[in-house]
Colleague: 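Can you keep this structure in mind? I'll have questions shortly.
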Amino acid sequence: MKKTNIYVTQPSLPPLEEYLKYLRQIWDSKILTNNGPFHQQLEKEMAEFLGVKYISLFANGTLALLTALQVLRITGEVITTPYSFVATTHALWWNQIKPVFVDIEPKYCNMDPEKIEAAITPQTTAILPVHVYGNPCYVERIQEIADTYGLKVIYDAAHAFGVNLNGTSILNYGDLSTLSFHATKPFTTMEGGAIVSHDEKTKQRIDYLKNFGFAGETKVIAPGINSKMNEMQAALGLIQLKHYNENIEKRRKVAEIYKSELKKIKGISALPDYPELGNYNYIYFPIFVDEKQYGKSRDKLYNHMKRNNIYGRRYFYPLISDFPTYRGLHSAKEENLSIAKEISKRVICLPIYPELKINEINRIMRLLKS
Ligand SMILES: *Cc1c(COP(=O)(O)O)cnc(C)c1O
């Protein structure tokens, strides 16, 4: 008998009946996009839900990143991490900004703040860190450096929806944070994204830029783009908010089983808990293979899982700095990024999603033990 395929994630969708009610309203009103009623409602409800001041919704997370850089007029060089999804660095490239990679710290795989200062030049205008796997960067230290050198901070918070640090949303740190609501993320509008901002003027500027730069019927204030979220996405988002907490609770249960089972396996480790964290979202469940102790390399295990229809993903391998576009950069040199390099060779993200069944979790664990 062929075993069912288990993928690294599976999108959580609400009951179709709930969505059909919203779709009927869209069909009746014929308002499909351009800051429609569901778009406005979702911006308001999401800001409340997350505990942030302003949300601007986007068609996807990459456009949110591209636009965030434009909003703050970032130019020259930006300090970023090679250990992320490739869109983080692509957003710089599309803005003709030179990415400068710094290494990560080995505990949570986030940008190492102590490596930032050495990478600053007169051309540096901003820092673009990523809250990898939803664990917060060292935000206080990063802000301190940014203040000293007069730099902006934009967080790629695509992994950090809902996450709190010391009782406040992680999205309240930095000048701007961007989110992704892609199908693979715990909160999804199929495609979608957002920029979180902290004052009304910035929110206004973001909203101009995502709508071609229009600031009125005949006034165009900048070369904006079209990155608006449509009403079908926004309506889905309104329903997803209602189901979010129960979905995360189911993810948490999967993660708890993984954590206790992995303690029994020599040579495979998980991330440590983050003590100051609230409302963790369990977006990924990365494991790290120590080849010597485990007796098998990461790729051997990865392929063994694959042959048994379990499709983990090597997030993040290869490093962004190893792709052809970026590998020629001075900061992409291996000796500059030794920790990121090492971790990217050891990581596999295990399947995690609300509907993952206990017998499927057991199947995965048996495979890791065999
Ligand atoms: C998902 C993701 C993005 C891109 O978001 P899209 O909505 O797919 O465009 C950017 N950065 C990180 C770290 C991501 O995980």
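Counting convention: from 1, in listed order, for ligands and their atoms alike. Predicted, not measured: the structure shown is a model, and the values here were computed from it.
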Colleague: Set out, in order, the CA-CA distance, both residues' side-chain angles and the distance that settles salt bridge (charged side-chain N to carboxylate O under 4.0 Å, His left out) for Lys253 and Glu256, then state yes or no.
Modeller: CA-CA 5 Å; Lys253 285 185 175 148; Glu256 291 305 326; over 6 Å; no

Colleague: Decide yes or no on side-chain hydrogen bond (donor to acceptor under 3.5 Å, both in side chains) for His243 and Asn247, but give the supporting numbers first.
Modeller: CA-CA 6 Å; His243 294 278; Asn247 283 332; 5.9 Å; no

Colleague: Under 30°, 30 to 60°, or over 60°: which ring-plane class applies to His131 and Tyr155, parallel, tilted or perpendicular?
Modeller: parallel

Colleague: Between Asp199 and Thr202, is any side-chain donor less than 3.5 angstrom from a side-chain acceptor?
Modeller: yes

Colleague: Please tabulate, line by line, the atom pairs linking an N/O of ligand 1 to a protein N/O at a distance below 3.5 Å, with the distance in Å to 0.1, or answer 'none'.
Modeller:
{"residue": "ligand 1", "atom": "5 (O)", "partner": "Ser180", "partner atom": "OG", "Å": "3.2"}
{"residue": "ligand 1", "atom": "7 (O)", "partner": "Gly61", "partner atom": "N", "Å": "2.8"}
{"residue": "ligand 1", "atom": "7 (O)", "partner": "Ser180", "partner atom": "OG", "Å": "2.7"}
{"residue": "ligand 1", "atom": "9 (O)", "partner": "Gly61", "partner atom": "N", "Å": "3.4"}
{"residue": "ligand 1", "atom": "9 (O)", "partner": "Thr62", "partner atom": "N", "Å": "2.9"}
{"residue": "ligand 1", "atom": "9 (O)", "partner": "Thr62", "partner atom": "OG1", "Å": "2.6"}
{"residue": "ligand 1", "atom": "11 (N)", "partner": "Asp156", "partner atom": "OD1", "Å": "3.4"}
{"residue": "ligand 1", "atom": "11 (N)", "partner": "Asp156", "partner atom": "OD2", "Å": "2.7"}
{"residue": "ligand 1", "atom": "15 (O)", "partner": "His159", "partner atom": "NE2", "Å": "2.9"}
{"residue": "ligand 1", "atom": "15 (O)", "partner": "Lys185", "partner atom": "NZ", "Å": "3.1"}

Colleague: Mind checking salt bridge (charged side-chain N to carboxylate O under 4.0 Å, His left out) for Glu105 and listing every partner two or more places apart, or none if nothing turns up?
Modeller: none

Colleague: What is the ring orientation for Tyr83 with Tyr133, classed by angle as parallel under 30°, tilted 30 to 60°, or perpendicular over 60°?
Modeller: perpendicular

